[in-house]
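Quick note: numbers below take in every heavy atom, side chains included, and nothing from hydrogens, waters or symmetry partners. Counting begins at 1 with the first residue of the sequence.
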Amino acid sequence: MKIGLSSYSLYQAINSGEMTIIDAIQWVADQGADHIEIVPLGFSLDDNPQLINEIIEKAQSVGIELSHYLIGANFITEDKEAFEQEIERVKKQVDIANALGVKMMRHDVAWRAGEEASIIQFEKDLPILVDACQQIADYAAQFDITTSIENHGFYVQASDRVLRLVSEVNRSNFKTTVDVGNFMCVDEDSVSAVKKNIGQASMVHFKDFYVRPSYENPGEGWFQTTGGNYLRGAIVGHGDIDMREIVRIIKNSNYDGYISIEFEGLEECKQGSRIGLDNVRRLFNEE
């Protein structure tokens with residue numbers, strides 16, 4: 001297992017101008033991480049081969065791997081033309097992943113909320129999502145890249161929906177990025193959900209949340225789950241997820257890939273990222 005950090009964890013610093021993505025790579029290496037995930041928030045790699053080369057050269061010079069490239073996508077469109085445009089846009093992002101030299105790429109598939117996010121609507125949308133994911137995975141196969149769907153964005157976030165999509169796409173290079181915290185956004189127990197999905201994982205994200213019931217509004221800084229409960233991002237290891245059991249599940253599975261920490265709490269991002277990284281390394285050593 002190789003433990004590292006997502007550049008998303010440092011978004012506060014990158015977005016404010018305190019850090020560039022090159023600075024972030026140096027910082028992650030300074031923490032002793034094995035790898036960094038590249039998430040183009042606060043910077044763009046579109047039509048920017050110079051920055052891509054700088055990222056590659058920096059990672060090589062500080063001795064860490066570029067593990068994963070993550071982007072957003074939405075294949076639920078107004079018409080067929082817009083659908084094809086989104087397919088082509090995501091294929092260009094696959095080209096960027098290939099230019100970075102990574103062998104894994106996560107893309108989202110759809111965004112819906114409220115009643116539109118029902119299981120009935122999901123089943124109606126499924127053929128469109130399957131078609132899109134198959135096209136992207138088939139395109140990525142020429143570069144030996146595995147694409148994935150993360151349990152992310154409320155609509156395709158529950159473990160069964162993710163597994164259903166992966167099964168229907170039926171491509172050896174289409175898996176799931178398992179985020180151990182994100183299941184809570186749809187009121188699913190993280191331990192149970194990780195048990196179900198770890199067998200299809202191409203990547204694992206460690207994220208933590210504090211949780212409060214729907215009848216105890218804790219105020220500013222929290223957001224609501226699909227069931228109305230309240231979540232707030234936590235330093236990994238400080239929140240309410242049973243991280244020790246999550247680590248045991250992963251260590252007892254066949255998964256032996258990258259582990260990536262995602263921090264999205266209220267604390268200063270470098271502090272939150274450093275502590276989370278230290279906690280995950282410690283847990284994997286202790287369990």
S.K.: If hydrophobic clusters are built by linking Ile, Leu, Val, Met, Phe, Trp and Tyr wherever their side-chain heavy atoms come under 4.5 Å apart, do Ile96 and Ile87 end up in the same one?
M.R.: yes

S.K.: Can you check whether Val62 reaches Asp30 side chain to side chain, under 4.5 Å on heavy atoms?
M.R.: no

S.K.: Please determine whether residues Leu126 and Ile136 belong to a single hydrophobic cluster, defined as Ile, Leu, Val, Met, Phe, Trp and Tyr linked transitively by side-chain heavy-atom distances below 4.5 Å.
M.R.: yes

S.K.: Please check if atom CG in Asp47 has more than 12 non-hydrogen atoms from other residues, nucleotides or ligands closer than 6.0 Å.
M.R.: no

S.K.: When you look at CD of Glu216, are more than 12 heavy atoms from neighbouring residues, nucleotides or ligands closer to it than 6.0 Å?
M.R.: yes

S.K.: Are Val109 and Val169 connected, step by step, through hydrophobic side chains (Ile, Leu, Val, Met, Phe, Trp, Tyr) whose heavy atoms are closer than 4.5 Å?
M.R.: yes

S.K.: Would you mind reporting whether Leu165 and Val130 have side-chain heavy atoms less than 4.5 Å apart?
M.R.: yes

S.K.: Under a 4.0 Å threshold between the charged nitrogen and the carboxylate oxygen, would Glu84 count as salt-bridged to Lys80?
M.R.: yes

S.K.: Treating Asp23 as the side-chain partner and Thr20 as the backbone partner, does any N or O pair qualify as donor plus acceptor under 3.5 Å?
M.R.: yes

S.K.: If you compare all heavy atoms of Tyr155 against all heavy atoms of Glu116, which two are closest, and at what distance to 0.1 Å?
M.R.: CE1-O, 3.9 Å

S.K.: Crowded around Lys251 NZ? As in, over 12 foreign heavy atoms under 6.0 Å?
M.R.: yes

S.K.: Please give me the minimum heavy-atom distance between Glu262 and Ser6, naming the atom from each residue.
M.R.: CG-CB, 3.9 Å

S.K.: Can you check whether Ile149's main-chain N or O pairs, donor with acceptor, with Thr176's side chain at less than 3.5 Å?
M.R.: yes

S.K.: Tell me, with the steps shown, if Ile38 and Val102 meet side-chain contact (heavy atoms from CB on, under 4.5 Å).
M.R.: CA-CA 10 Å; Ile38 302 299; Val102 302; 5.8 Å; no

S.K.: Please name all residues satisfying ring-ring contact (aromatic ring centres under 6.0 Å, His included) with Phe143, sequence neighbours left out, ordered by chain then number.
M.R.: Tyr139

S.K.: By side chain to side chain donor-acceptor pair (under 3.5 Å), which residues pair with Arg274, not counting sequence neighbours?
M.R.: none

S.K.: Quick check on the hydrophobic clustering: are Met19 and Ile275 connected, directly or via other members, by side-chain heavy-atom contacts under 4.5 Å?
M.R.: no

S.K.: What I want to check is whether the side chains of Gln157 and Asp179 have a donor and an acceptor closer together than 3.5 Å.
M.R.: no

S.K.: Quick one: does any side-chain atom of Asn279 pair with a main-chain N or O of Gly237 as donor and acceptor, under 3.5 Å?
M.R.: no

S.K.: Side-chain contact test, heavy atoms from C-beta onward, threshold under 4.5 Å: evaluate it for Ser67 versus Lys2 and give yes or no.
M.R.: no

S.K.: Going by atom types only, do Asn182 and Glu150 share a side-chain donor-acceptor pair under 3.5 Å?
M.R.: yes

S.K.: Quick test of your reading of the model: are Glu37 and Arg106 salt-bridged, counting only N-O distances below 4.0 Å?
M.R.: no

S.K.: If the threshold is 4.0 Å, N to carboxylate O, is there a salt bridge linking Asp160 and Lys196?
M.R.: yes

S.K.: Counting only N and O atoms by type, is there a donor-acceptor contact under 3.5 Å from the side chain of Arg171 to the main-chain atoms of Asp138?
M.R.: no

S.K.: Just checking, is any N or O donor in the side chain of Asp187 or Thr225 under 3.5 Å from an acceptor N or O on the other one?
M.R.: yes

S.K.: Got a donor-acceptor contact below 3.5 angstrom from the Asn197 side chain to the Val178 backbone?
M.R.: no

S.K.: Met1 and side-chain contact (heavy atoms from CB on, under 4.5 Å): which single residue from Asp34, Val204, Ile259 fits?
M.R.: Ile259

S.K.: Ser7 and Ile36: side-chain contact (heavy atoms from CB on, under 4.5 Å), yes or no, with the steps?
M.R.: CA-CA 7 Å; Ser7 68; Ile36 183 171; 4.2 Å; yes

S.K.: Can you check whether Gly233's main-chain N or O pairs, donor with acceptor, with Glu264's side chain at less than 3.5 Å?
M.R.: no

S.K.: Is it true that Ile128 and Ile119 fall in one hydrophobic cluster, defined by side-chain heavy atoms closer than 4.5 Å?
M.R.: yes

S.K.: What I'd like to find out is whether the side chain of Asp208 reaches to under 4.5 Å of the side chain of Ile235, using heavy atoms alone.
M.R.: no

S.K.: Considering non-hydrogen atoms only, spot the tightest contact between Val166 and Gln200 and give its length.
M.R.: CG1-OE1, 3.7 Å

S.K.: For residues 193-236, which residue pairs pass the ring pair (Phe, Tyr, Trp, His ring centres under 6.0 Å) check, not counting sequence neighbours?
M.R.: Phe206-Phe284, Phe209-Phe223

S.K.: Could you tabulate the donor-acceptor pairs under 3.5 Å formed by side-chain atoms of residues 52-59, not counting sequence neighbours?
M.R.:
unit_1: Asn53; atom_1: ND2; unit_2: Pro49; atom_2: O; d: 3.3
unit_1: Glu54; atom_1: OE2; unit_2: Gln50; atom_2: NE2; d: 3.2
unit_1: Lys58; atom_1: NZ; unit_2: Gln26; atom_2: OE1; d: 2.7

S.K.: Kindly give the heavy-atom pair with the smallest separation between Ser44 and Leu51, and that separation in Å.
M.R.: O-CD2, 3.7 Å

S.K.: Asn151 side chain to Ser159 main-chain N or O, any donor-acceptor pair under 3.5 Å?
M.R.: no

S.K.: List the steps, then state whether side-chain contact (heavy atoms from CB on, under 4.5 Å) holds for Gln85 with Glu88.
M.R.: CA-CA 5 Å; Gln85 289 175 350; Glu88 290 307 308; 5.8 Å; no

S.K.: Could you go through Leu129 and Ile76, starting from their C-alpha distance and side-chain angles, then the distance that decides it, and tell me whether this counts as side-chain contact (heavy atoms from CB on, under 4.5 Å)?
M.R.: CA-CA 8 Å; Leu129 305 183; Ile76 303 300; 3.8 Å; yes

S.K.: So, the side chain of Ser273 versus the backbone of Cys269: is there a donor-acceptor pair under 3.5 Å, distance only?
M.R.: yes

S.K.: Hey, could you give me each pair passing ring pair (Phe, Tyr, Trp, His ring centres under 6.0 Å) that has a residue in residues 158-204? Not counting sequence neighbours.
M.R.: none

S.K.: Supply the members, apart from Leu70, of the Ile/Leu/Val/Met/Phe/Trp/Tyr cluster built from side-chain contacts under 4.5 Å; use none for a lone residue.
M.R.: Tyr8, Tyr11, Val39, Leu41

S.K.: Applying ring-ring contact (aromatic ring centres under 6.0 Å, His included), can you list everything that pairs with Phe263, at least two apart in sequence or on another chain?
M.R.: none

S.K.: Taking Glu268 for the side chain and Lys270 for the main chain, is one N or O donor matched with an acceptor at less than 3.5 Å?
M.R.: yes

S.K.: Go through the structure and list residues passing side chain to side chain contact (heavy atoms under 4.5 Å, CB included) with Arg244, not counting sequence neighbours.
M.R.: Asp242, Arg248, Arg282, Leu283, Glu286, Glu287

S.K.: Do any N or O atoms from the side chain of Ser167 and from the backbone of Arg164 form a donor-acceptor pair under 3.5 angstrom?
M.R.: no

S.K.: Is the closest side-chain donor-acceptor distance between Thr146 and Ser202 under 3.5 Å?
M.R.: no

S.K.: So for atom CG, which belongs to Asn254, do other residues, nucleotides or ligands contribute more than 12 heavy atoms lying within a distance under 6.0 Å?
M.R.: no

S.K.: Considering all heavy atoms of both residues, which atom of Ile145 and which atom of Ala97 are nearest to each other, and what is their separation?
M.R.: CD1-CB, 4.1 Å

S.K.: Any salt bridge linking Asp278 with Arg281? Criterion: basic side-chain nitrogen under 4.0 Å from a carboxylate oxygen.
M.R.: yes

S.K.: So which pairs with a foot in residues 19-50 pass ring pair (Phe, Tyr, Trp, His ring centres under 6.0 Å), sequence neighbours left out?
M.R.: His35-Tyr258

S.K.: Pair Ser148, Thr177 - check side-chain hydrogen bond (donor to acceptor under 3.5 Å, both in side chains), show working.
M.R.: CA-CA 6 Å; Ser148 67; Thr177 291; 2.8 Å; yes

S.K.: Tell me, please, which residues at least two apart from Glu220 pass side chain to side chain contact (heavy atoms under 4.5 Å, CB included).
M.R.: none

S.K.: Please enumerate all residues that pass side chain to side chain donor-acceptor pair (under 3.5 Å) together with Arg112, with sequence neighbours excluded.
M.R.: Asp125

S.K.: Kindly state each residue pair satisfying ring pair (Phe, Tyr, Trp, His ring centres under 6.0 Å) with at least one member in residues 75-127, sequence neighbours excluded.
M.R.: Phe75-His107, Trp111-His152

